[in-house]
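Everything numeric in this text was worked out from a predicted model, so none of it was measured. All chains are named by letter (A, B, ...) in the order of the sequence lines, taking the proteins before the strands, and each is independently numbered beginning at 1.
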4 protein chains.
Amino acid sequence: MSDIGHNSGEPQTGGVAADRLRSIVERVERLDQERKALGNDIKDVYTEAKSAGFDVPVIRKLIQIRAKDAAEVEEQEQILDLYRRALGM
Amino acid sequence: MSDIGHNSGEPQTGGVAADRLRSIVERVERLDQERKALGNDIKDVYTEAKSAGFDVPVIRKLIQIRAKDAAEVEEQEQILDLYRRALGM
Amino acid sequence: MSDIGHNSGEPQTGGVAADRLRSIVERVERLDQERKALGNDIKDVYTEAKSAGFDVPVIRKLIQIRAKDAAEVEEQEQILDLYRRALGM
Amino acid sequence: MSDIGHNSGEPQTGGVAADRLRSIVERVERLDQERKALGNDIKDVYTEAKSAGFDVPVIRKLIQIRAKDAAEVEEQEQILDLYRRALGM
DNA sequence: CGGCCGTCTAAGGATC
DNA sequence: GATCCTTAGACGGCCG
């Protein structure tokens, strides 16, 4: 038998599992809307940059490099932390 | 001569174009952080869904289909418009 | 050390890796030429269609829709398969 | 009245215009299939290149540069031809 | 870690 | 003929 979710004894229609599913779907859709909105905001900033005469792909590359650098700094700190714990500090 | 942005007469370092560029980069990075945070929130919801015994890929597909249906209504209207123009209406 | 391809011990110039690279580039360029030629052939057909009095954008849309319909049949089968697996069938 | 193609006096169904349209659609679809097949072939070559340890985006860039150079050579020859005709040669 | 999805770039078409 | 825009292909990130 294939029930929805874990509540094996619950009715499949109008039950708590259905409510739970609805909640999940709605929350994801809501979050995804906000996420898309931020994507549009970013696009707007790039449009503004282009209007100001900047080279947008170059700026994208620049931000990408900055993000990578930040990630590597993070990685270095994690390694440092590993060493510190290895040394009991 | 390769200047930054439109301000051809401005100094390349410390000028207004550099400030403008800095503003653009910082705004994009800020928005992108928020965007990534929302991505994590969505991931959390799916993790919760999985814990509740739901089939996550199926839920993803469900949400995808709901979004696509909305998009196709738009598309149909565009096609209808194309045909109307082809027929001189 | 930055070598070409996997052949860490090979000389960088005149080695087998260079030959391999040359082969790849030439094959891609050859295939791309044929691809561009087909694009021109398609363009010719549309030119003929226009000469015959047909509405080319509408024909393009028609072909696009036919392709999309075929793709959606595939997609539906994939979704069905997903659901079947989700239900353990 | 909106007829298909130029043959204003022909019947709209089963007429020569419908046959002509069908011919056009089928030829375009056929050519497009071959075009897509070549795209897949190219993709296969790149997959092979990747397996051999090459950096695929770099190879793409390389081919792009070569294509541009070829185009410029072509352009130079056209200009040369223009000059030759201008000089009656 | 290999494939898949969404996003970004770039090529091609429609429009003026 | 040039420009803008839309769409197909390539790249990066995410899931399985």
Side-chain angles (χ1 to χ4, degrees), chain A residues 28 32 35-43 45-47 49-51 55-65 67-68 71, chain B residues 28 31-32 35-47 49-50 55-61 63-65 67-68 71 74-75 78-79 81-82 85-86, chain C residues 28 31-32 35-36 38-47 49-50 55-61 63-65 67-68 71 74-75 78-79 82 85-86, chain D residues 28 32-33 35-47 49-51 55-65 67-68 71:
Chain A
V28 169
D32 200 50
R35 193 166 166 272
K36 281 179 172 30
L38 284 171
N40 289 330
D41 291 345
I42 291 172
K43 191 179 295 183
V45 175
Y46 279 125
T47 299
K50 182 176 182 180
S51 297
D55 190 311
V56 171
V58 170
I59 295 180
R60 287 184 186 277
K61 195 75 180 175
L62 171 66
I63 290 173
Q64 182 185 3
I65 291 169
K68 194 171 187 179
Chain B
V28 169
L31 291 168
D32 199 50
R35 194 165 166 274
K36 281 178 172 33
L38 284 171
N40 288 330
D41 291 345
I42 291 172
K43 191 184 296 183
D44 289 344
V45 175
Y46 279 124
T47 299
K50 183 175 182 179
D55 189 311
V56 171
V58 169
I59 295 181
R60 285 184 186 277
K61 181 58 79 176
I63 290 173
Q64 183 184 3
I65 290 170
K68 196 169 190 175
E74 287 291 327
E75 191 185 8
Q78 289 179 2
I79 293 172
D81 194 55
L82 172 69
R85 283 185 282 108
Chain C
V28 169
L31 291 168
D32 199 51
R35 193 166 166 275
K36 280 179 173 31
L38 284 171
N40 288 330
D41 290 345
I42 291 172
K43 191 181 296 183
D44 289 344
V45 175
Y46 279 124
T47 300
K50 182 175 182 179
D55 189 311
V56 171
V58 169
I59 295 181
R60 285 183 187 277
K61 180 58 80 175
I63 290 173
Q64 182 185 6
I65 290 170
K68 196 167 191 177
E74 286 292 326
E75 190 186 7
Q78 289 181 1
I79 293 172
L82 172 69
R85 281 185 283 109
Chain D
V28 169
D32 199 51
Q33 281 182 1
R35 194 165 167 272
K36 283 180 173 24
L38 284 172
N40 288 330
D41 291 345
I42 292 172
K43 191 181 297 183
D44 290 343
V45 175
Y46 279 124
T47 299
K50 182 176 181 178
S51 297
D55 190 311
V56 170
V58 170
I59 295 181
R60 286 182 187 278
K61 196 73 180 176
L62 173 65
I63 289 174
Q64 182 183 1
I65 291 169
K68 195 171 185 178

Next item on the list: Could you pull out the closest heavy-atom pair between A:V28 and B:Y46, with the gap in Å?
Entry: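 Nearest heavy atoms, A:V28 then B:Y46: CG1-OH, 3.6 Å.
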
Notebook entry, point to check: For C:D41 and C:L38, what are the C-alpha separation, side-chain angles and deciding distance, and is it a side-chain contact (heavy atoms from CB on, under 4.5 Å)?
Noted result: CA-CA 5 Å; C:D41 290 345; C:L38 284 171; 4.0 Å; yes

Next item on the list: Encode nucleotides 11-16 of chain F as B, S and - characters from 5' to 3', where the letter depends on protein heavy atoms closer than 4.0 Å: B to the base, S only to sugar-phosphate, - to neither.
Entry: S---SS

Next item on the list: Please give the angle, rounded to 10 degrees, between the axes at the start and the end of the helix from E:dC1-F:dG16 to E:dC16-F:dG1, where five pairs define each axis.
Entry: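 For the helix from E:dC1-F:dG16 to E:dC16-F:dG1, the axes at opposite ends meet at about 10°.
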
Note to self: Do the side chains of B:E75 and C:K68 get close enough for a salt bridge, i.e. N-O under 4.0 angstrom?
What the structure shows: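 A salt bridge is present here (some side-chain N lies under 4.0 Å from a carboxylate O).
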
Rounded to the Å, how far apart are [X] [atom1] and [N] [atom2]?
X     : N      : atom1 : atom2 : value
C:I79 : E:dC5  : CD1   : P     : 11 Å
C:D32 : F:dG9  : CG    : P     : 12 Å
D:L38 : F:dA8  : CG    : C1'   : 16 Å
C:D44 : E:dG13 : CG    : P     : 12 Å
B:E74 : F:dT6  : CD    : C1'   : 16 Å
C:I42 : E:dA11 : CD1   : P     : 18 Å
B:R85 : E:dG13 : CZ    : P     : 17 Å
D:K68 : E:dA11 : NZ    : C1'   : 14 Å

Check: Are side-chain heavy atoms of A:R35 and A:D32 found at a separation under 4.5 Å?
Finding: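 Yes, close enough: below the 4.5 Å cut-off.
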
Notebook entry, point to check: Between B:K43 and B:N40, is a side-chain contact (heavy atoms from CB on, under 4.5 Å) present by the stated rule, with each step listed?
Noted result: CA-CA 5 Å; B:K43 191 184 296 183; B:N40 288 330; 4.2 Å; yes

Identify all side-chain donor-acceptor contacts of residues 57-65 of chain D below 3.5 Å with residues at least two apart in sequence or on another chain.
none

